[in-house]
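We use all heavy atoms of the structure for the numbers below, so side chains are in, but hydrogens, waters and symmetry mates are not.
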Amino acid sequence: MTLDTRFKRCREVVEREDEETLLFHRKTSEIKVINHTGKFVWDRLDGKTPFSAIAAAMVKEYRIEPAAAEKDAGKFLQELIGMKFITPL
């Protein structure tokens, strides 16, 4: 993954929002509960927004250092890739 990498959500993943956000993969039956920060990142996975813009948005929204945003978002995205919830483009 580079700062230019964009991500596409898997069509088999459905989202349910209540107090927390639940992601469910219809083919694998895997479930991922994400917090507010995870939802913030998830909402930007449109296939057009690069990783660098997602991290920059986190810096603005949460007032954190760029390195922390890249590390946290990168870890989350790698987990979603591993679960086949998203695909890097």
Discussion item. Does the Lys NZ or Arg CZ of R9 fall within the cation-pi geometry relative to F7 - under 6.0 Å from the ring centre and within 45° of the axis?
Written reply: no
Worksheet item: So, R6 side chain and L89 main chain: donor-acceptor pair closer than 3.5 Å or not?
Response: no
Worksheet entry | C10 side, atom SG; M83 side, atom CE - distance, nearest 0.5 Å | 11.5 Å
Worksheet entry | Donor-acceptor under 3.5 Å (T49 side chain, D46 main chain) | no
Worksheet item: Can you get from F24 to L80 by hopping between Ile, Leu, Val, Met, Phe, Trp and Tyr side chains that sit under 4.5 Å apart?
Response: no
Worksheet entry | Side-chain donor/acceptor of D18 to backbone N/O of E20, under 3.5 Å | no
Discussion item. With a 4.0 Å cut-off on N to O distance, would you call K84 and E30 a salt bridge?
Written reply: no
Worksheet item: Can you tell if the side chain of L77 reaches within under 4.5 Å of the side chain of M1, non-hydrogen atoms only?
Response: yes
Discussion item. Contact between P88 and I81 at the side-chain level, heavy atoms closer than 4.5 Å - yes or no?
Written reply: yes
Fill in: Point-to-point distance, once rounded to the nearest 0.5 Å, from CZ of F51 to CG of L3
6.5 Å
Fill in: Check: V59 main-chain N/O paired with R63 side-chain donor or acceptor under 3.5 Å
no
Worksheet item: Looking at side-chain heavy atoms only, is the closest gap between I31 and L23 below 4.5 Å?
Response: no
Worksheet item: Got a second to check how far E61's CD is from F40's CZ, nearest 0.5 Å?
Response: 4.5 Å
Worksheet item: Atom CD of E12 and atom OG of S29: how far apart are they, to the nearest 0.5 Å?
Response: 10.5 Å
Worksheet, complete the sentence: CG (D43) and CD1 (I54) are apart, to the nearest 0.5 Å, by 10.5 Å
Discussion item. Could you measure the distance from the CD1 atom of I34 to the CD atom of E79? Nearest 0.5 Å is fine.
Written reply: 10.5 Å
Discussion item. Which label fits W42 and F85: parallel for a plane angle under 30°, tilted from 30 to 60°, or perpendicular past 60°?
Written reply: perpendicular
Item to complete: Decide if atom CZ of R16 counts as having more than 12 heavy atoms of other residues, nucleotides or ligands within a radius under 6.0 Å.
Response: no
Worksheet item: Shortest non-hydrogen contact from A55 to A69?
Response: O-CB, 3.5 Å
Worksheet item: Got K8 and I86 here, is their nearest side-chain heavy-atom distance under 4.5 Å?
Response: no
Worksheet item: Can you tell me if CD on E65 sees more than 12 non-hydrogen neighbours from other groups inside 6.0 Å?
Response: no
Fill in: Under 3.5 Å donor-acceptor, R26 side chain and R11 backbone
yes
